[in-house]
Amino acid sequence: MGRYDLLICDIDGCLAPETSEPMNIEKLSLIADHNRRAIARQDRPIITLCSGRPIPFVETLCRVLQNTTVPCVAENGVWLYDPSNNGYAMDESIGPDEVKIVHAAEQRMMELYHEHGVRIQPGKSASLSLYHPDPNYLESIAPAVEKEFHSQGWPLRVSLTLFYINCDFSQISKATGIRRLLSQTGIDPHRTAGIGDTSSDLGIAEVVETFGCPSNAIASVKAAADFISEHEQIDGVLDFIQYLESN
Ligand SMILES: [Mg+2]
């Protein structure tokens with residue numbers, strides 16, 4: 001038995017590019033092989049996912065990566081997807097009023113920014129993500145988005161990835177999603193590791209025992225990391241797996 005039961009992995013900027021570039025299936029298959037061995041022999045951490053992406057995207061990658069046992073966190077903590085029983089569990093704080101707020105926020109964001117090329121990422125249930133191809137444009141509007149939510153009385157937290165502004169209910173985060181995952185599975189947080197690259201991944205760092213990041217991580221994530229890979233994205237994840245196995 002190794003030191004870790006679980007490695008919780010962000011997707012965009014870690015396992016896959018955040019752009020629409022093809023994923024590296026040869027390297028993903030190394031992760032899938034790792035998971036097959038982890039589940040069969042229980043001698044290394046199972047790799048599960050923790051992402052801001054909508055649940056169908058996370059479910060797909062979970063299945064590609066041969067994780068058949070441990071839930072994944074989707075939509076920045078809104079959802080747990082459980083591959084062992086095809087279960088979908090939403091955070092209990094989300095009710096009809098929260099869903100109404102998300103719909104109102106989507107409508108307001110489109111009134112303000114659709115003409116500037118902003119689009120809402122399809123498929124989210126209880127949060128919204130604004131997409132624009134220019135990261136500088138997103139950065140320029142993020143404070144105004146935050147101000148608008150505040151003035152409407154909508155409790156939505158605003159955070160940036162490269163091509164998205166994520167707007168999530170303030171009581172929900174990757175940290176709350178991971179805590180639900182751990183309490184559901186009984187996995188000890190001291191036997192977990194995690195990896196991520198942007199600000200929402202600080203929620204992963206908050207809960208896991210050992211946190212790593214690829215070289216493309218933002219400065220605040222690097223500052224929170226126990227291990228910073230010299231390699232980008234999935235090469236950084238593979239590097240972190242080696243580090244965990246040798247430490
Ligand atoms: Mg990321």
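Source: prediction; values computed, not measured. Counting from 1, the numbers follow the sequence of the chain as shown. All ligand and atom numbering here is 1-based and tracks the order in the structure. Side chains included, hydrogens not; waters and symmetry mates left out as well; all remaining heavy atoms used.
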**Q** What N/O/S atom of D12 is the closest to the Mg ion (ligand 1)?
**A** O
**Q** Charged N to carboxylate O under 4.0 angstrom, R180 versus E92?
**A** no
**Q** For the Mg ion (ligand 1), give me the closest N/O/S atom belonging to D197, just the atom name.
**A**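 Atom name of the closest N, O or S in D197: OD1.
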**Q** Please assess M110 against V118 for the test side chain to side chain contact (heavy atoms under 4.5 Å, CB included), listing each intermediate value before the final yes or no.
**A** CA-CA 8 Å; M110 286 301 91; V118 171; 4.2 Å; yes
**Q** For the residue pair F149 and W154, does the interplanar ring angle fall in the parallel (under 30°), tilted (30 to 60°) or perpendicular (over 60°) class?
**A**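 Answer is tilted, since the angle falls between 30° and 60°.
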**Q** Can you classify the ring geometry of Y113 versus H116 as parallel (below 30°), tilted (30 to 60°) or perpendicular (above 60°)?
**A** tilted
**Q** Tell me, which N, O or S atom in D10 is closest to the Mg ion (ligand 1)?
**A** OD2
